[in-house]
Amino acid sequence: LGANLGAGGARNAGLREAASDLILFIDNDVALTAACVDELVGAMESHPRAALAAAAVVYAHRRDTVQYDGAECHFLGIQTLLDENRSIAELDPAVRKVGSIVTCCFLADRARLPADVTFDEEFFYQLEDHDFGVRVRARGPEILSVPTALCYHGKGTEGLSIRHTGTYTTKRVYYLIRNRWLFVLKNYSLRTLLLLAPLFVFYELAQFAIVLKKRWWTEWGNAVIWIVRSFPSIVARRRHIQKHRQVPDREILKGGRIPFRPELTTSPLEDIAHRLFNFVASSYWAVVRPLI
């Protein structure tokens, strides 16, 4: 491509250039099981409204444990991983419809995808798959999680993946903060934004407390600057997304525990704060969910 456009840019090149409409995307640290592709193709054939089908991702170093099996969109804008760290023996083999996608290993049918829905290359790193999946779902096509399509996931990108580093890198922090704001501003309806505004403020204050404690203020500040400078283009993309969507937020957004990496809670006090925030967020969602 002549430059590093991020994972989304690489996948967009695949969507443009592949010779067939059925396109299998796999990350560079993924190994397929013998039945994986057949199971994905079979699921797509059985669900003619599906445009994407994702494999169940198993740890390469713990082949009895599922890393995740599909994804949903938490109402705070974060990706919720399904069946995270469960035993393979506990998986329900039935194909299910989900609201987001993790692009570790997935099958796309280009003929069923809206022609104007591609990966947003502005994300560059982190949440570009979540944004793509939610935008696909908002346009009407289904997204499938296929538990019988297994693949093995290695240690990720050296220097970036938490499985490599054991902690959050500054680059990861910057993109997670920035890209969540980008995702929410583009994809949520105005009604949803207004209804969730008090909780978003509460979440941002809690996030900023973590930023201060972990000394991530530079990353947070750079994320704010980027969002402010990019706001006109974000608004333009938002108009297009909201104009063409077919599925409302109430069918895409899900409740439940706030997705939270254990690496962020390094003390008993932080764990208590996390539990308290979960209670507040869940209670608030229970009240506003019928109004969205």
Side-chain angles (χ1 to χ4, degrees), residues 1-13 71 73-80 100-103 116-136 138 156-162 165 167-190 192-194 196-243 245 249 253 258-261 263-264:
L1 296 176
N4 181 4
L5 304 180
R11 295 184 190 115
N12 283 341
C73 182
H74 193 275
F75 62 87
L76 285 171
I78 315 166
Q79 193 173 53
T80 299
S100 182
I101 193 167
V102 186
T103 49
D116 60 328
V117 177
T118 59
F119 287 88
D120 185 342
E121 296 175 19
E122 289 282 12
F123 281 78
F124 188 73
Y125 170 65
Q126 295 292 314
L127 301 186
E128 84 290 335
D129 50 358
H130 183 41
D131 173 74
F132 174 72
V134 168
R135 284 190 292 114
V136 168
T157 304
E158 187 173 356
L160 291 176
S161 171
I162 291 180
T165 64
T167 187
Y168 276 69
T169 64
T170 55
K171 182 174 289 188
R172 187 183 189 94
V173 169
Y174 164 71
Y175 281 113
L176 281 174
I177 293 173
R178 191 201 79 167
N179 289 353
R180 176 182 159 272
W181 291 339
L182 175 58
F183 170 82
V184 169
L185 290 171
K186 283 173 45 186
N187 292 299
Y188 284 25
S189 72
L190 180 60
T192 300
L193 289 174
L194 292 174
L196 292 179
L199 190 59
F200 280 150
V201 171
F202 186 48
Y203 180 89
E204 296 308 326
L205 290 174
Q207 178 176 254
F208 192 65
I210 295 173
V211 165
L212 292 177
K213 188 175 188 300
K214 307 287 186 182
R215 299 184 178 182
W216 289 334
W217 46 75
T218 299
E219 291 72 28
W220 186 89
N222 288 338
V224 171
I225 291 170
W226 188 93
I227 290 292
V228 171
R229 288 178 175 172
S230 304
F231 196 72
S233 66
I234 294 173
V235 170
R237 280 176 284 170
R238 170 185 170 78
R239 286 174 181 156
H240 179 82
I241 291 168
Q242 299 303 320
K243 179 181 178 180
R245 68 181 302 165
D249 285 339
L253 304 184
I258 299 169
F260 201 80
R261 295 291 299 231
E263 293 84 1
L264 281 176

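Atom set for the values below is all heavy atoms of this structure, side chains included, hydrogens, waters and symmetry mates excluded.
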Partners of Thr118 by side-chain hydrogen bond (donor to acceptor under 3.5 Å, both in side chains), sequence neighbours excluded?
none
Could you check Arg178, Lys171, Arg172 and say which one makes a side-chain contact (heavy atoms from CB on, under 4.5 Å) with Gln126?
Arg172
Under the side-chain hydrogen bond (donor to acceptor under 3.5 Å, both in side chains) test, residues paired with Asp120 that sit two or more places apart:
Lys186, Arg237
Who are the ring-ring contact (aromatic ring centres under 6.0 Å, His included) partners of Phe200, not counting sequence neighbours?
none
With sequence neighbours left out, which residue pairs that include part of residues 218-236 fulfil the salt bridge (Lys or Arg N to Asp or Glu O under 4.0 Å) condition?
none
Set of residues satisfying ring-ring contact (aromatic ring centres under 6.0 Å, His included) with respect to Phe208, sequence neighbours excluded
Trp220
Asp116: partners by side-chain hydrogen bond (donor to acceptor under 3.5 Å, both in side chains), with sequence neighbours left out:
Arg139, His240
Can you list everything that forms a ring-ring contact (aromatic ring centres under 6.0 Å, His included) with Phe119? Sequence neighbours excluded, please.
Phe132
The salt bridge (Lys or Arg N to Asp or Glu O under 4.0 Å) partners of Arg135 (sequence neighbours excluded) come to Asp131
Please enumerate all residues that pass salt bridge (Lys or Arg N to Asp or Glu O under 4.0 Å) together with Glu121, with sequence neighbours excluded.
none
Taking ring-ring contact (aromatic ring centres under 6.0 Å, His included) as the test, write out the residues that go with Tyr174, two or more places apart.
none
Side-chain donor-acceptor pair present, Gln207, Trp216, cut-off under 3.5 Å
no
By side-chain hydrogen bond (donor to acceptor under 3.5 Å, both in side chains), Gln242 pairs with (sequence neighbours left out) Arg245
Suppose we screen for salt bridge (Lys or Arg N to Asp or Glu O under 4.0 Å). Which residues come up paired with Arg238, at least two apart in sequence or across chains?
none
